[in-house]
Amino acid sequence: MMETPVVTSLVVAGLLMMTTMMFGELSGFTGFRCQFDTIECCGSTHINFDRELLYKNLHKYIYGQHIAINKVYEAITDHYEKNAGKALVLSFHGWTGTGKNYVSKRLVESIYERGSKSSFVHIFNAEMDFPDKSQLNHYQNKLHNLVVGNVSRCGHAAFIFDEADHMPSGLVDTLLPFIQRGTFEGKDYSRTIFIFLSNVGSKGFAEQLLDIYKRGDDRSSIHMQDVEKNLFRRAFFEENGYRDSDLVSTKGNVDVFVPFFPLEREHVHLCIRDAIEEIDPNRVNDTHLYTEILKHLHWIPPQSTTQFSSSGCKKLKQKVRTMIVNPPEAREDL
């Protein structure tokens with residue numbers, strides 16, 4: 001069967017593209033492939049810190065976390081605009097749903113063109129990736145080789161460890177050679193980012209907030225020095241992956257400890273509003289919808305005038321979608 005001119009043109013164009021790509025690869029000129037987004041490259045095309053985007057996203061979408069917002073913004077900005085000579089290490093602490101993962105996501109979106117889907121962003125969950133404490137030696141070798149291999153590919157890599165307090169004791173110290181100095185075995189780690197997310201200190205944060213409210217002060221009056229002592233004490237003495245770790249005990253390894261405080265009704269209300277605006281903007285002023293969603297959340301302490309959501313804003317979007325698509329009154333009629 002005779003090919004049409006259109007088919008022939010497409011074939012020729014495809015062959016030319018393949019030939020050009022092969023020539024570029026063989027010649028070492030892969031820059032044009034980066035420009036056309038056919039591959040992700042370790043350069044300004046796909047990695048370019050946007051401080052204005054980070055500032056906007058943190059202030060627009062993160063609620064009740066004035067210390068976290070300021071600390072994260074300052075740390076990332078300094079990392080890219082100043083030369084600290086070592087990898088940036090951030091340790092996020094707080095209850096579930098208070099914004100740790102959300103801030104991590106917004107952070108990488110301000111750096112990598114492909115956000116958390118970037119091949120230069122590596123995300124671990126301690127309970128899924130390191131579940132067996134008896135396999136510590138295996139995990140240590142695996143983690144060491146993974147970091148070395150990925151930083152060799154791109155020095156601007158980011159490594160995020162969720163539920164880091166559940167890592168087998170001693171595993172986190174595998175990262176010390178990459179954290180304590182700018183270079184290790186001839187490789188530059190000064191542009192690498194390590195972020196640890198954990199629940200360590202969260203109970204103390206809630207206690208501090210309740211004490212502050214009893215004194216008649218506002219949560220915005222809390223300063224970093226007010227939480228540091230509590231945070232270190234719990235990291236060292238509670239049973240968790242940080243206990244006896246040189247990562248925490250040696251000053252200078254972690255650049256910034258970032259507290260995430262429990263969220264109150266006003267903060268959760270804002271998260272609900274964001275979810276409604278995304279799912280069904282016409283119902284953003286539906287007070288009954290807000291009341292129903294808030295009613296189905298768990299609030300603690302039970303008898304306190306000040307209560308915190310035990311799950312923060314986690315999975316609120318799913319709850320909002322369920323409530324809109326299948327409200328309680330409709331379910332009761334079934």
Side-chain angles (χ1 to χ4, degrees), residues 34 37-63 65 68-69 71-77 79-80 87-130 142-143 146-147 149-167 172 175 178-179 189 191-199 254-256 258 260 271 274-275 278-279 311-318 321:
C34 301
D37 208 31
T38 58
I39 61 172
E40 186 179 25
C41 297
C42 184
S44 59
T45 301
H46 292 103
I47 304 176
N48 189 20
F49 174 53
D50 187 340
R51 63 181 297 172
E52 292 183 3
L53 177 62
L54 178 62
Y55 184 91
K56 182 187 76 172
N57 285 341
L58 290 179
H59 284 82
K60 185 176 181 180
Y61 298 110
I62 309 299
Y63 304 118
Q65 308 297 353
I69 288 173
K71 287 293 182 181
V72 170
Y73 180 75
E74 290 173 3
I76 298 297
T77 302
H79 178 65
Y80 279 97
L88 175 64
V89 184
L90 303 175
S91 189
F92 293 176
H93 301 262
W95 265 348
T96 296
T98 51
K100 302 187 302 294
N101 279 289
Y102 198 82
V103 169
S104 299
K105 179 183 177 182
R106 294 299 183 181
L107 188 156
V108 298
E109 285 176 351
S110 72
I111 300 171
Y112 303 92
E113 179 70 23
R114 299 183 182 180
S116 55
K117 294 181 179 179
S118 168
S119 61
F120 306 128
V121 176
H122 313 280
I123 302 174
F124 305 87
N125 181 287
E127 293 192 335
M128 294 177 61
D129 295 304
F130 314 111
K142 178 182 176 181
L143 186 56
L146 189 147
V147 172
N150 282 289
V151 173
S152 297
R153 176 170 167 255
C154 182
H156 293 266
F159 300 89
I160 302 173
F161 298 87
D162 195 8
E163 299 185 0
D165 49 325
H166 294 166
M167 293 173 72
V172 72
L175 302 170
F178 316 121
I179 287 172
Y189 289 85
R191 285 311 193 190
T192 309
I193 298 175
F194 294 91
I195 305 175
F196 301 92
L197 284 60
S198 79
N199 293 324
V254 176
D255 296 289
V256 184
V258 184
F260 286 77
C271 292
D274 291 343
E278 183 176 336
I279 297 168
S311 57
C313 288
K314 189 173 184 178
K315 297 183 178 179
L316 266 184
K317 188 181 293 185
Q318 294 95 312
R321 182 175 284 108

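Two residues are said to be in side-chain contact when any heavy atoms from C-beta on lie closer than 4.5 Å; Phe178 and Phe194 meet this criterion. At least one side-chain heavy atom of Phe92 sits under 4.5 Å from a side-chain heavy atom of Val72. A 4.5 Å side-chain heavy-atom check between Leu146 and Phe124 finds at least one atom pair inside the cut-off. Residues Val147 and Thr192 are not in side-chain contact: their nearest non-hydrogen atoms beyond the backbone lie 4.5 Å or more apart. Side-chain contact between Cys154 and Ile47: present, with at least one pair of heavy atoms (C-beta onward) separated by less than 4.5 Å. At least one side-chain heavy atom of Thr77 sits less than 4.5 Å from a side-chain heavy atom of Phe49. Between Tyr80 and His156 the shortest side-chain heavy-atom distance falls below 4.5 Å. Between Leu197 and Phe260 there is no side-chain heavy-atom pair separated by less than 4.5 Å.
Ser118 and Glu40 share a donor-acceptor pair across their side chains, judged by distance under 3.5 Å alone.
The neighbour count for Gln318 CD, taken as heavy atoms of other residues, nucleotides or ligands under 6.0 Å away, is above 12.
The two residues Ala126 and His166 come nearest to each other via the heavy atoms CB-C, 3.9 Å. Of all the heavy atoms in Val121 and Gly115, the pair that sits closest is CG2-O, 3.7 Å. Closest approach of Cys42 and Gly155 over heavy atoms only: SG-N, 4.1 Å. Across Ile39 and His46, no two heavy atoms sit closer than the pair O-CE1, 3.1 Å. The two residues Ala75 and Val256 have their closest heavy-atom pair at CB-CG2, 4.0 Å. Contact record, Ile69 with His59: CG2-CE1, 3.5 Å, taken as the closest heavy-atom pair.
Side-chain atoms of Asn48 do not come within 3.5 Å of backbone N or O of Ser44 as any donor-acceptor pair. Side-chain N or O atoms of Lys100 include one that pairs as donor or acceptor with a backbone N or O of Trp95 at under 3.5 Å. In terms of modelled atom types and a separation under 3.5 Å, the side chain of Arg51 and the main chain of Ser110 share no donor-acceptor contact.
Rounding to the nearest 0.5 angstrom, the gap separating the CG atom in Leu107 from the CD1 atom in Ile193 is 6.0 Å. The structure places CD1 of Ile123 at 12.0 Å from CE of Met128, a figure rounded to the nearest 0.5 Å. The line from CE of Met167 to CG of Leu175 is 6.5 Å long, rounded to the nearest 0.5 Å. With rounding to the nearest 0.5 angstrom, the SG atom of Cys313 is 13.0 Å from the CG atom of Asn101. Summarising the geometry, atom NZ belonging to Lys71 is positioned 11.0 Å from atom CG belonging to Leu90; distances are rounded to the nearest 0.5 Å. Note that CG of Asp50 and CD of Glu113 are 10.0 Å apart. Values are rounded to the nearest 0.5 Å.
Among Ile160, Asp162, Val103, Val89, the one residue that satisfies the side-chain contact (heavy atoms from CB on, under 4.5 Å) test with Ile195 is Ile160.
Classification of the Tyr55-Tyr73 ring pair by plane angle, with boundaries at 30° and 60°, yields perpendicular. Relative orientation of the Phe120 and Tyr112 rings is tilted, given thresholds of 30° and 60° on the angle between their planes.
Qualifying salt bridge (charged side-chain N to carboxylate O under 4.0 Å, His left out) partners for Glu109, counting only residues two or more places apart in sequence or in other chains: Arg106.
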